[in-house]
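Computed from heavy atoms alone, side chains included, the values below leave out hydrogens, waters and symmetry copies. Only a predicted model underlies this, so the values are computations on that prediction, with no experimental measurement involved. Both ligands and their constituent atoms are indexed starting at 1 by order of listing.
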Amino acid sequence: MTQNPKPRKKKHSLNIDAPLHVTGRTIYLDDMPELGGTLYAKVYYSPYAHASITSIDYSEARQQPGIIDIIDHSRIPGENQIGGIIPDEPLLAVDELHFIGMPILIIVSTDELNAHKASQLIKLEVEEKEVIVDVEEAYRRRSFLSAPIHFSLGDAEHAFTDCAHVFEGSASSGGQEHVYLEPQGAYAIPQQQGMKIFSSTQGPTAVQHTVAKVLGWSMNLIEVDVNRIGGGFGGKEDQASPWAAMAALAAHICQRPVKLILERGEDLQMTGKRHPYQSHYKIGLDTSGKIIAFEARYLQNGGAAADLSPAVLQRTLFHSTNSYYIPHVRISAYSCRTNLPPNTAFRGFGGPQGMYVMEAALDHAATALDIEVHDIQRKNLLYESAEFPYGQLAEACAAQHCWDEAVESYDLSGSMKKIEDYNAAHQWSKKGLSLMPICFGISFTNTMMNQARALVHVYHDGSVGISTGAVEMGQGVSSKMIQVAAGCFGLPHEHIKLESTNTTRVANTSPSAASATADLNGKALQDACSQIIHRLQDLLRDQWSLTEADELQIDNASAYVAGTDHLMSWQELVTLAFQQRVNLSAKGHYATPTIHFNKETSKGIPFAYHVYGTAITTCTVDCLRGNYELDKVQIVHDFGSSMNRAVDLGQIEGGLAQGIGWMTMEELIYNDKGQLKSGNLANYKIPDIYSVPKEVQVQYLNTPGAELAINKSKAVGEPPLMYGIGAYFAIHQAIKRFNPQAVIPYSAPMTTEKVLLALYSKRDSE
Ligand code: LUZ
Ligand code: MOS
């Protein structure tokens with residue numbers, strides 16, 4: 001009598017985009033078929049970091065063949081303003097130029113080559129002004145973008161007097177270029193009413209809002225659509241908006257479709273990057289190596305406008321104590337205005353900059369006390385219910401679990417012994433090892449942003465279409481959304497189609513950022529799917545005259561009641577529901593519960609949960625040349641209950657490589673005129689297949705996962721970037737094996753040149 005279908009065989013979860021990528025069928029912005037009559041826009045930008053415009057003449061440029069229009073700020077019908085948090089950034093310069101790359105004019109042309117030629121005929125005259133590039137100089141002059149932020153826990157001032165050891169020093173970390181594979185761009189198409197914009201953005205609603213502001217329209221007239229983007233890394237959280245606004249402005253003025261896609265060189269010049277930081281720390285320990293007090297002052301190089309800098313600054317404070325419990329903390333952070341392009345979100349969002357300073361302080365203490373830094377690290381790791389400086393308590397704290405698991409399963413003492421033997425046997429080559437624990441808070445620090453929506457249609461043939469606010473940027477969120485819907489409906493994932501991210505279908509989206517995209521949008525999607533499932537269940541209970549006790553299942557592409565012969569295929573069920581006029585569409589909503597934060601007191605529960613992990617990094621330094629290789633990185637990571645191991649492993653490996661790049665080789669160089677000297681990918685080196693670790697091992701820590709994470713799988717986007725800090729300190733360790741007296745300033749990135757200088761520092765005077 002029971003004829004329940006056999007449980008569907010669980011397929012190994014994959015990245016659903018992989019077949020498209022490897023066969024070249026993935027469609028990015030510039031792959032879209034163009035409409036007839038499409039025009040191309042090119043941005044003419046400031047060649048000066050600080051100046052007043054005295055005259056600008058583009059009459060000759062305007063006469064060039066193919067030039068349809070040249071647009072300056074005076075043609076903007078709405079507000080000439082793109083600042084997201086603070087309104088301090090014009091879309092097009094009026095008379096003041098604040099950084100090299102600041103947009104001045106939009107050249108609209110029938111083809112890109114003519115636009116390029118025209119840009120060279122523009123005559124700009126200016127009065128040059130003093131340029132500030134250095135963050136300390138900006139700080140001395142009290143040149144700030146926003147109010148400073150302070151956090152404190154306990155009583156640091158008095159605590160230092162009780163410390164057996166106190167160390168003070170400074171640490172600086174460099175910026176980082178996002179190098180998303182797809183440069184910034186947008187394609188704007190005038191509609192019968194309003195404007196439709198295809199944008200390479202992490203934040204469709206940010207684009208919609210900015211375009212509406214610039215055109216002086218209401219948001220409902222702007223439709224933003226994102227199929228997918230070729231990488232974002234934070235660079236398209238806010239900074240995708242101006243290009244869309246320029247394309248829309250030109251499309252509105254010319255009443256033709258306008259495409260604006262930056263060339264790589266333009267993108268490198270014009271867009272902001274990870275914030276460089278210059279920091280000062282003071283750390284106090286007792287005789288047993290317990291950290292008693294920590295003080296720090298962070299100077300953030302924000303560039304010429306606020307952009308997301310105040311929010312980034314706040315996250316630096318949230319992560320200033322990394323994965324450690326410190327009873328007395330006093331920290332301050334300043335966002336400084338300089339004449340660089342406005343710096344912006346970048347994977348980790350200020351967190352890595354804070355964590356680097358903490359690790360530098362620990363390294364300093366260990367070096368001075370001549371003990372292993374990992375003994376201090378281990379002794380101070382967070383434990384259950386320990387208080388963060390912002391008042392939240394560590395819950396389901398996996399800091400020590402990850403660490404101990406890494407030490408044991410990767411045989412730390414064995415590795416250290418091998419390194420000792422190697423170093424004893426090699427005079428001109430030394431190995432070093434570091435442990436890097438991480439702790440990263442999941443949620444937008446701005447509580448309001450922790451919300452999402454989804455729209456689900458079950459079509460009457462049984463197929464399903466889903467839309468969410470999540471933007472696929474290569475991070476695999478599409479796979480996860482499809483898994484969520486397939487799980488809710490009990491359907492194979494082939495039945496589910498994920499639609500583009502579109503502001504008309506799903507409104508008021510938060511950007512795909514803060515590692516929270518799958519959690520927020522996945523939960524909203526679950527809400528929508530379960531509304532439909534409940535309606536179908538009600539229908540079946542009625543149809544089959546079921547009682548409360550009957551166990552009705554909708555799974556395995558069918559509906560059935562265990563122990564009875566009630567059975568219906570999914571398709572029959574949907575047909576029945578349609579005939580009975582049941583609503584087969586639903587809108588889901590999710591807002592992270594429990595979180596809150598008081599900006600006045602800097603206390604609250606800002607994060608839904610924390611992600612933990614530990615990486616052991618081993619490197620080899622060539623002590624004649626200063627070159628180094630990363631031998632291996634061994635990670636124990638707290639994934640919760642991973643939804644998709646292929647996707648999550650990709651995030652660990654990619655995040656690690658990006659973190660290593662930031663800490664070791666990616667060096668942004670601006671001269672004192674504010675000119676980016678590392679302005680192409682030949683002199684700005686990002687990790688390649690030769691510079692990534694030769695071996696990466698990842699162990700999944702089995703934790704129950706967090707309730708506030710989707711399907712109890714923890715967020716994985718940003719946390720692994722911070723494992724890269726381990727590479728920096730492993731190199732320090734190797735240098736000290738060669739030259740115990742080495743004086744190594746805490747100055748990232750640890751380029752080959754700096755390694756060579758450090759290897760031979762102080763040595764001559766021996
Ligand atoms: N963006 C944002 C973020 O607006 N707020 C955040 O807290 C955040 N965190 C990480 C990355 N992007
Ligand atoms: Mo981000 S730094 O856009 O998560």
Side-chain angles (χ1 to χ4, degrees), residues 82-86 145-146 149 151 176 178 180 201-207 209-210 229 231-241 272-275 300 302 306-320 333 335 342-355 388 390 392 438-452 469-471 473 475 477 508-521 591-592 595-597 599 602 604-611 651 654-655 658-659 662 708-709 714-722:
I82 58 167
I85 298 180
I86 299 171
L145 291 162
S146 56
I149 319 178
F151 274 27
Q176 186 175 24
H178 302 86
Y180 23 67
T201 182
Q202 289 172 248
T205 297
V207 167
H209 183 242
T210 304
I229 69 177
F233 308 115
K236 297 171 183 170
E237 181 174 337
D238 243 30
Q239 294 206 355
S241 302
K273 308 174 195 317
R274 183 190 293 285
H275 296 78
Q300 176 198 58
D307 193 89
L308 291 164
S309 295
V312 171
L313 192 71
Q314 199 183 22
R315 198 177 266 279
T316 300
L317 296 193
F318 281 120
H319 294 87
S320 57
S335 183
N343 285 318
T344 192
F346 195 135
R347 201 174 194 171
F349 207 70
Q353 290 95 319
M355 287 157 68
F388 288 98
Y390 42 92
Q392 184 162 0
I438 61 154
C439 168
F440 198 78
I442 304 301
S443 287
F444 287 93
T445 58
N446 178 353
T447 303
M448 185 201 78
M449 293 170 81
N450 295 287
Q451 53 172 313
V471 170
M473 56 184 117
Q475 87 281 43
V477 74
N508 305 324
T509 61
S510 283
S512 288
S515 306
T517 312
D519 281 358
L520 298 174
N521 291 280
T592 313
I595 55 172
H596 58 87
F597 188 69
K599 279 196 174 180
S602 287
I605 302 185
F607 298 121
Y609 57 91
H610 292 81
V611 171
Q651 288 293 79
Q658 203 163 31
W662 170 54
L708 298 182
K714 286 189 164 187
V716 73
E718 293 169 292
L721 181 128
M722 278 128 313

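Taking the six-membered ring for Trp and thresholds of 30 and 60 degrees, Y390 and H610 have nearly parallel ring planes, at less than 30 degrees apart. Note on ring orientation: taking the six-membered ring where Trp is involved, the planes of F607 and F318 are perpendicular (angle over 60°, cut-offs 30° and 60°).
A distance of 3.5 Å separates CZ in F346 from CD in Q176, rounded to the nearest 0.5 Å. Q202 contributes atom CD, which lies 8.5 Å from atom CD of Q475 (distance to the nearest 0.5 angstrom).
Listed by chain and number, the residues in a side-chain hydrogen bond (donor to acceptor under 3.5 Å, both in side chains) with T201 amount to none (sequence neighbours excluded).
Using a 4.0 Å cut-off between heavy atoms, F444 contacts ligand 1 through both its backbone and its side chain. With a heavy-atom cut-off of 4.0 Å, A345 does not touch ligand 1 at all. Of the heavy atoms in R347, none comes closer than 4.0 Å to ligand 1.
The distance criterion of under 3.5 Å between nitrogen or oxygen atoms is not met by N446 with respect to ligand 1.
Heavy-atom separations between E718 and ligand 1 include at least one value shorter than 4.0 Å.
Listed by number with element, the atoms of ligand 1 under 4.0 Å from a non-hydrogen atom of M449 are 4 (O). When each atom of ligand 1 is checked for a heavy atom of T445 under 4.0 Å away, the hits are 6 (C), 7 (O).
The two atoms that bring G469 and T509 nearest to each other are CA-CG2, 3.6 Å, heavy atoms only.
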